[in-house]
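Report on one structure; see the data block that follows.
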Protein chains: 2
Amino acid sequence: MTQHIQPPTSTASSRIYDILRKDLVGGRFAAGEKLAINALKEQYQVGLSPLREALNKLAAYGLLIQENQRGFRVPTLSRNELDDIAQMRLALEGMAFEQAIVHGDAAWEADLLAAEHRLKCADMTLDKDDEWERLHTQFHRTLVAPCGSVWLLRFIEQLHDQFDRYRRLGPRMPTVRQELDQQHHELVALAMKRDGQAARALLDDHIRTSYDVALQCFLSHSR
Amino acid sequence: MTQHIQPPTSTASSRIYDILRKDLVGGRFAAGEKLAINALKEQYQVGLSPLREALNKLAAYGLLIQENQRGFRVPTLSRNELDDIAQMRLALEGMAFEQAIVHGDAAWEADLLAAEHRLKCADMTLDKDDEWERLHTQFHRTLVAPCGSVWLLRFIEQLHDQFDRYRRLGPRMPTVRQELDQQHHELVALAMKRDGQAARALLDDHIRTSYDVALQCFLSHSR
DNA sequence: ATTTAGTAAAAAATCGATTATTTACTTGGC
DNA sequence: GCCAAGTAAATAATCGATTTTTTACTAAAT
């Protein structure tokens, strides 16, 4: 008997939401830019209603600024905000990782190994970075997944998107990426050793290293 | 010369958003309920487009669940989620309050005194609770306002809305409210004394007390 | 020179109607 | 009686057009 698996239903609205989210995080729009809805409509070949619904969701999510009667703008970037985001990542991801180490089971360890391996392989074989970004996001999601708090995971995801707006301003830096990949590997090792102390310390390092990268991106970009 | 202050522009979409947010937090809709968009349209006397835009925003904010091709539902309630929300409030509001005590200036102290006084007076004179809820929210917002992190404030606000969905399931309890009001008063006192340790301890107590209330509300409601 | 008022163009928001999808119901087969 | 397929009704999503508001531009007035 065949399983009647529904093709994961999507709507024009949800599709354009995903695309715009990716493009906003990836820096395809300039910070502060005013979005020309009609232009987007053409560019993405989508109707006005689903487009507006997606923009509304993105505004509630924090990837757009909505001003009554004057449409949608891409949020500006500032060093203060980057610092804020990095600080929050340190606090929330640290908290989540510690809990994940307490509660994560064998399946989690397997997921971690798999995610780390996929990430390590991706950046060698692939030219385009989209795939690396996806796997990188997935790795960090896995790291904190079993923390036990739905809301904590939600906030962390949101902060990642915000953080990546800064980090992805700049070009890829192979040297730094190698260092980060090394940290990814060690994070998995410490997590599996259930060494909460050391793991959290390393995660702090990792976030701070990423922060340095993002800050460089931001500074050279705003000059 | 007269200042040309624009009447704070609003749109049908933003108005219905505010109303629905209030009604969702206030428990006017049953948990798990499927929203009948056409009914809402009539009930709130609003067009379909602004209504849908508001619902999309509320879903992104977490006060609604959106499922592709099957509209919007009110999120269900569960003890696990209440625990999660309360835990997160403890962590995030504690963090924010400590920072607020470090960075808050004289203007903050004034705001605190004012917010506390307004709240204390409100529950005596007013019959309807809407005003008390508004002032209570405002008090807690003031408490953490100068914490220095826009994102932290944003998350805390979101958690408050979620928490209140549970707390406002039940009837008003004058006895408990008196205890909470007492804590509000002491929170202000400790904040102004800049006693971060004690202040945070009391805020923890305060949240735990509120949690007990909310839990009772939830338990008796789900029975 | 700067403001003020007026107007045309552009853009945002909303409406009314249409299309697509799901849900509820019915009927026929086993 | 119970499941499956088919159909009708209900609902969600989307489209195309209209209305409202803002913005950009011009010209007159202080």
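Throughout, a chain's letter reflects where its sequence line sits, starting with A, and its residues are numbered from 1. Because the structure is predicted, anything quoted here is derived from the model rather than measured.
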### Task
Would you indicate whether the side-chain heavy atoms of B:Arg79 and B:Ser222 approach each other to under 4.5 Å?
no

### Basic-acidic side-chain contact under 4.0 Å: B:Glu157, B:Arg154
no

### Task
Establish, yes or no, whether the cationic atom of B:Arg177 lies under 6.0 Å from the six-membered ring centre of B:Trp132 and within 45° of the ring axis.
yes

### Task
Using a strict 4.0 Å threshold on nitrogen-to-oxygen distance, state whether A:Lys22 and A:Asp18 make a salt bridge.
no

Could you pull out the protein-nucleic contacts involving nucleotides 9-12 of chain D (nitrogen or oxygen on both sides, under 3.5 Å)?
unit_1	atom_1	unit_2	atom_2	d
D:dA12	OP1	B:Lys34	NZ	3.4
D:dA12	O3'	B:Gly71	N	3.4

### Query
D:dT21 C1' sits how many Å from A:Gln66 CD, rounded?
15 Å

### Summary
Of all heavy-atom pairs linking A:Asp84 and B:Trp151, the shortest is OD2-N, 3.3 Å

Using nucleotides 15-18 of chain C, report all nitrogen or oxygen pairs with the protein that are shorter than 3.5 Å.
unit_1	atom_1	unit_2	atom_2	d
C:dC15	OP2	B:Gly47	N	3.3
C:dC15	N4	B:Ser49	OG	3.1

### Separation of C:dA11 P from A:Glu42 CD (nearest whole Å)
12 Å

### Atom-pair distance (CD1 on A:Ile16; C1' on D:dT14), nearest Å
14 Å

### Task
Show your reasoning for whether side chain to side chain donor-acceptor pair (under 3.5 Å) applies to B:Asn56 and A:Tyr17.
CA-CA 11 Å; B:Asn56 271 281; A:Tyr17 173 86; over 6 Å; no

### Side-chain ion pair, A:Arg167 and A:Asp164, N-O less than 4.0 Å
yes

### Task
For the helix from C:dA1-D:dT30 to C:dC30-D:dG1, measure the angle between the helix axis at one end and the axis at the other, each built from five pairs, rounding to 10°.
30°

#### Entry: Atom pair distance, as rounded to whole Å: CD in B:Glu53 and P in D:dT14
13 Å

### Query
Given atom CG of B:Leu51 and atom P of D:dA13, what is their separation to the nearest angstrom?
12 Å

### Message
Between B:Ser10 and A:Asn68, do the side chains contain a donor N or O and an acceptor N or O under 3.5 Å apart?
### Response
no

### Heavy-atom side-chain proximity of A:Val74 to A:Leu35 below 4.5 angstrom
yes

#### Entry: Min side-chain heavy-atom separation A:Leu40-A:Tyr44 under 4.5 Å
yes

### Query
Is the A:His184 ring parallel, tilted or perpendicular to the A:His140 ring (thresholds 30°, 60°)?
perpendicular

